[in-house]
Amino acid sequence: MAEEVGIERIADYVGEEVTIKGWLYAKTGKGKLQFLQVRDGTGVIQCVVFKKEVTPEVFEDARSLTQESSLIITGMVRADERAPGIPGGHEIGVSDLNVVQCVTEEYPITPKEHGIDFLMQHRHLWIRSSRQWSALRVRATVIKAIRDWLDSQGFLLMDTPILTPAACEGTTTLFETDYHGTPAYLSQSGQLYNEANIMAFGRVYCFGPTFRAEKSKTRRHIQEFWMVEPEAAYVDLWENLKIQEQFVSYIVQTTLRERQSELESLGRDVSRLEKIEPPFPRIHYDEALEMINRAAAKGTTVPPEDEPLPAIAWGDDFGAPHETYVAEQFEKPVFVHHYPSQVKAFYMAQEPERPETCRSADLLAPEGYGEIIGGGERSSDLEYLERQIERHDLPREAYEWYLDLRRYGSVPHSGFGLGIERTVMWICGLQHIRETIPFPRLLGRIYP
RNA sequence: UCCUCGGUAGCUCAAUUCGGCAGAGCGGCCGGCUGUUAACCGGUUGGUUGUAGGUUCAAGUCCUACCCGAGGAGCCA
């Protein structure tokens with residue numbers, strides 16, 4: 001038998017006989033000539049079966065193959081720019097074909113269009129389709145880039161618990177579960193534990209699933225999502241931003257380099273991504289507010305609904321249209337820093353000269369993809385934190401350990417959380433977050 | 001939780017202001033074709049119109065309640 005190769009490396013085998021093990025993705029026949037599009041998990045390639053070049057049995061097998069039948073194919077690799085595929089440009093002239101399983105029931109997902117409900121009910125099959133497959137390959141690369149960069153920059157992976165005794169930030173709705181008779185909650189952030197970890201390890205990150213039980217039903221929300229949260233001791237707000245812009249740029253550039261075929265198959269305009277490198281613009285909340293209200297006064301509208309941008313008062317948090325408007329003004333992601341303390345988590349450090357603001361920063365992705373990072377400098381002031389816990393009506397006893405961190409060697413420190421799915425959505429140019437994770441958990445949907 | 005839109009064949013949809021025989025394309029199946037790209041051509045297959053009730057000679061269409069889905073708001077990553 002010829003050498004078994006992966007389709008993603010097929011260009012290295014032109015002129016050689018190879019074996020592909022995979023599934024029939026699509027087929028068009030033209031009498032004595034059959035075009036099989038075969039996928040093997042690493043790519044899609046066109047395999048051509050000429051009646052004269054194979055045995056009658058093989059030709060009949062090829063002719064009668066059904067969508068998603070599993071098969072093993074052997075043949076000669078040749079370059080041909082007419083050939084579709086991921087990556088395209090090569091095809092296999094089939095000499096032998098072995099049907100592993102011929103699908104006899106109709107495969108539900110045809111090459112025609114389908115509705116979202118139908119596709120989501122068949123998510124376990126939908127992930128075989130090229131757009132889903134490409135996006136999930138990009139996701140894996142984004143995650144690898146994240147870990148490679150952090151590991152190489154001295155951040156140590158420290159896993160934080162998923163079952164937690166209390167709300168981390170006290171604002172969002174949590175999933176409650178039973179922990180041997182006492183209530184426990186699925187983690188919405190590893191943030192507070194990370195602050196303990198940095199006092200032991202200097203620079204750390206946690207990377208895992210987080211859970212938000214809000215009844216959010218938009219293209220940017222899922223109930224279970226993955227977040228990477230780096231945290232570092234002796235790092236202030238401004239150094240934190242430098243880390244973030246290098247980090248995000250590395251993720252984007254690595255994906256551009258390693259997932260060219262997938263981004264192309266997604267139809268992504270990569271020229272927008274090629275521009276993503278440090279430095280990113282930084283604007284103060286006051287400045288952003290002014291920008292928004294100036295535009296609102298002129299009756300500016302924002303996509304995707306083209307509704308008028310509402311004016312806001314100082315102290316208000318930005319809504320989705322405000323974020324979109326601000327991000328639209330820049331080609332790169334933009335940092336908005338020094339939000340009013342009242343709209344941010346209790347642990348954000350106060351700005352000494354403007355105590356009503358905090359040393360926080362959000363990173364807004366371009367092209368309307370919204371907030372991909374939330375972060376900032378954490379308060380190292382014990383008394384301020386005690387007051388904040390009271391002000392936010394949080395159970396003091398649950399935070400005693402956290403306050404200990406300010407009693408024993410408190411230092412300035414910062415961190416941030418990057419949402420994996422929103423980042424993948426932006427890099428892939430997708431319209432909905434549900435396509436960025438294999439099995440999304442959406443409001444009212446937990447099958448399959 | 002609130003607002004908007006929707007539910008008709010396996011899938012995507014149509015069904016004439018104002019109620020009158022349930023349709024098309026795709027898929028599947030059969031046949032034809034040596035360069036297809038969501039191929040094409042001919043034939044064929046296909047229905048509890050989301051559920052329950054009501055009005056009517058007659059309901060996919062009108063009325064009531066409910067169920068399910070989509071998009072958005074708030075909140076956030």
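Below, read A as the first sequence line, B as the second, and so on, with proteins coming before strands; counting in each chain starts at 1. What's counted below: heavy atoms across the whole structure, side chains too, no hydrogens, waters or symmetry copies.
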Roughly how many Å apart are [M] and [N], using the [atom1] atom of each and rounding to a whole number?
N	M	atom1	answer
B:rG7	B:rU45	P	28 Å
B:rU48	B:rA22	P	14 Å
B:rA38	B:rC26	C1'	9 Å
B:rA14	B:rG6	P	10 Å
B:rA70	B:rA77	C1'	23 Å
B:rU17	B:rU61	P	15 Å
B:rA15	B:rU55	C1'	23 Å
B:rG23	B:rG60	C1'	12 Å

Counting only Watson-Crick pairs (N1-N3 plus N6-O4 or O6-N4) and G-U wobbles (N1-O2, O6-N3), all under 3.5 Å, who is the partner of [N]?
N	result
B:rC62	B:rG54
B:rU8	none
B:rG42	B:rC30
B:rA15	none
B:rU1	B:rA73
B:rU48	none

What I want to check is whether the side chains of [X] and [Y] have a donor and an acceptor closer together than 3.5 Å.
X	Y	answer
A:Q132	A:R123	yes
A:E351	A:H338	yes
A:S189	A:E229	yes

query: What are the two closest heavy atoms between A:C428 and A:L263, and how far apart are they?
result: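 For A:C428 and A:L263, the tightest heavy-atom pair comes out as CA-CD2, 4.4 Å.
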- request: Could you check A:M227 against A:G31 and say which one's nearest nucleotide on RNA chain B is further toward the 5' end?
  value: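 It is A:G31 whose nearest nucleotide is closer to the 5' end.
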task: Map A:I372 and A:D80 onto RNA chain B by nearest heavy atom, then report which one ends up closer to the 5' terminus.
output: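 Its nearest nucleotide being more 5', the pick is A:D80.
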Classify [X] by what it touches in the nucleic acid, base, sugar-phosphate, or nothing, heavy-atom distance under 4.0 Å.
X	result
A:R78	base
A:I222	base
A:E229	nothing
A:K51	nothing
A:A26	nothing
A:E106	base
A:D317	sugar-phosphate
A:G115	sugar-phosphate
A:I433	base
A:P108	nothing
A:R220	base

Side-chain N or O of [X] less than 4.0 angstrom from OP1 or OP2 on [N]?
X	N	result
A:R434	B:rG71	yes
A:R422	B:rC76	no
A:K30	B:rG35	yes
A:K217	B:rA73	no
A:H432	B:rG71	yes

Round to the nearest Å and state the distance from [X] atom [atom1] to [N] atom [atom2].
X	N	atom1	atom2	result
A:L33	B:rG35	CG	P	7 Å
A:M425	B:rC76	CE	P	18 Å
A:Y25	B:rU36	OH	P	20 Å
A:H114	B:rG6	NE2	P	23 Å
A:K32	B:rG35	NZ	P	11 Å
A:Q342	B:rC75	CD	P	12 Å
A:I92	B:rG35	CD1	C1'	17 Å
A:W226	B:rA77	CH2	C1'	15 Å

- prompt: Given the side-chain rings of A:Y325 and A:F318, with only the six-membered ring counted for Trp, is the space between their centroids under 6.0 Å?
  reply: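 Here the rings of A:F318 and A:Y325 have centres that are no less than 6.0 Å from each other.
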query: Aromatic ring centroids of A:F416 and A:F335 under 6.0 Å?
result: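 No.
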Suppose we call a contact any N or O donor and acceptor under 3.5 Å apart; does that hold for the side chain of [X] and the base of [N]?
X	N	result
A:Q46	B:rU36	yes
A:E91	B:rG35	yes
A:S216	B:rC75	yes

message: Check this for me: does any side-chain nitrogen of one of A:R378 and A:E231 sit under 4.0 Å from a carboxylate oxygen of the other?
response: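 Between A:E231 and A:R378 there is a salt bridge, with a charged N closer than 4.0 Å to a carboxylate O.
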- prompt: A:F225 on top of B:rA77's base, within under 5.5 Å and under 30°?
  reply: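 Yes, the aromatic ring of A:F225 stacks with the base.
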- prompt: Hey, is the main chain of A:G315 close enough, under 3.5 Å, to the side chain of A:Y285 for a donor-acceptor pair?
  reply: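 Side chain of A:Y285 to backbone of A:G315, a donor-acceptor pair under 3.5 Å: yes, one is there.
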message: Run A:S130 and A:Y25 through side chain to side chain contact (heavy atoms under 4.5 Å, CB included) and show every step you take.
response: CA-CA 9 Å; A:S130 69; A:Y25 185 61; 3.5 Å; yes
task: Looking only at side-chain atoms of A:R212, point me to the closest of B:rG35, B:rC76, B:rA73.
output: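 Of the options given, the side chain of A:R212 lies nearest B:rC76.
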- request: Output the single nucleotide from B:rU34, B:rC75, B:rU12 whose closest atom is nearest the side chain of A:E214.
  value: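 For the A:E214 side chain, the nearest candidate turns out to be B:rC75.
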